[in-house]
Amino acid sequence: MTDRKTELAANLAKVEERITAACVAAGRKREEVTLIVVTKTHPASDVRILSELGVRHVAENRDQEAAPKAADCADLPLKWHFVGQLQTNKVRSVVGYADVVQSVDRARLVTALSKEAVRARREVGCLLQVALDAGANGRGDRGGVAPGGIEELADLVADAPGLRLDGLMTVAPLTGEYAGREQAAFERLMDLSTDLRRAHPAATMVSAGMSADLEQAVAAGATHVRIGTAVLGVRPRLG
Ligand SMILES: *Cc1c(COP(=O)(O)O)cnc(C)c1O
């Protein structure tokens, strides 16, 4: 094995141990939690190694970087998740490679995604990104719809041609009532997911937890964790 492959294999094994331990502690089965490796800022060669090591889900947050990387890796059996704030002028490109967009947070984006999914004859999975630090019906600093806006946006996605409502996503807030209380934040997301599933039973995905807080996310009931640093190492400075 190359040095990089050895390093990524060791990191993956550590993350795998953490997920397994968190599942045991929560009385959950390991299969209930899917690992998504966030490959942003790391090269396509790393994505290729991860695929060789058995990773099946990867995530990116900037289209400029993700589009060429996904094209380089088109031969690999990977599902691509888009997890960044998404401008409508990037939607056509993102729909070209993303299986799931986890950052759906406004009606205009739903309309644009639907139009491009239909045009590309693709079905795109959508998670509503929830901003637990947003004001009443506003949006979060880093994107996301306020809890009060979920129902309306969910109905819009569910009725949009080419789109599939898969569930909810959040990032633990740095400010507001949930700052420093990751598990409480993720439990709140689970409650919102329970509400959502009353109207949309198939929307079962709950994407929460990153390198620093995956244990709290698994404890709360997350179905998908998004791990970057703990697998790939510290990211090169963002340009
Ligand atoms: C970068 C990123 C992650 C991964 O963060 P790490 O702390 O490196 O594990 C997860 N989710 C989103 C939305 C991200 O942008």
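Atoms within each ligand, like the ligands themselves, are counted from 1 in listed order. Note that the numbering runs from 1 along the sequence shown for the chain.
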Can you list every pair where an N/O of ligand 1 is under 3.5 Å from an N/O on the protein?
{"unit_1": "ligand 1", "atom_1": "8 (O)", "unit_2": "T229", "atom_2": "N", "d": "2.8"}
{"unit_1": "ligand 1", "atom_1": "8 (O)", "unit_2": "T229", "atom_2": "OG1", "d": "2.5"}
{"unit_1": "ligand 1", "atom_1": "8 (O)", "unit_2": "R235", "atom_2": "NH1", "d": "2.8"}
{"unit_1": "ligand 1", "atom_1": "8 (O)", "unit_2": "R235", "atom_2": "NH2", "d": "3.3"}
{"unit_1": "ligand 1", "atom_1": "9 (O)", "unit_2": "S211", "atom_2": "N", "d": "2.9"}
{"unit_1": "ligand 1", "atom_1": "9 (O)", "unit_2": "S211", "atom_2": "OG", "d": "2.5"}
{"unit_1": "ligand 1", "atom_1": "9 (O)", "unit_2": "G228", "atom_2": "N", "d": "2.8"}
{"unit_1": "ligand 1", "atom_1": "11 (N)", "unit_2": "R226", "atom_2": "NE", "d": "2.9"}
{"unit_1": "ligand 1", "atom_1": "15 (O)", "unit_2": "K40", "atom_2": "NZ", "d": "2.6"}

**Asked** Hey, does T88 have a side-chain heavy atom less than 4.5 Å from the side chain of R106?
**Response** yes
**Message:** Taking ring-ring contact (aromatic ring centres under 6.0 Å, His included) as the cut-off, I'd like each qualifying pair that reaches into residues 14-68, sequence neighbours left out, listed once.
**Reply:** H57-H81
**Request:** Flag the pair D105 and R142 as a salt bridge only when some basic side-chain nitrogen lies within less than 4.0 angstrom of an acidic carboxylate oxygen.
**Result:** no
**Asked** With a 4.0 Å cut-off, would you call R48 and E52 a salt bridge?
**Response** no
**Message:** Check D99 with R122, please: is the shortest side-chain N to carboxylate O separation under 4.0 Å?
**Reply:** yes
**Prompt:** So, are E60 and K40 salt-bridged, with charged N and O less than 4.0 Å apart?
**Reply:** no
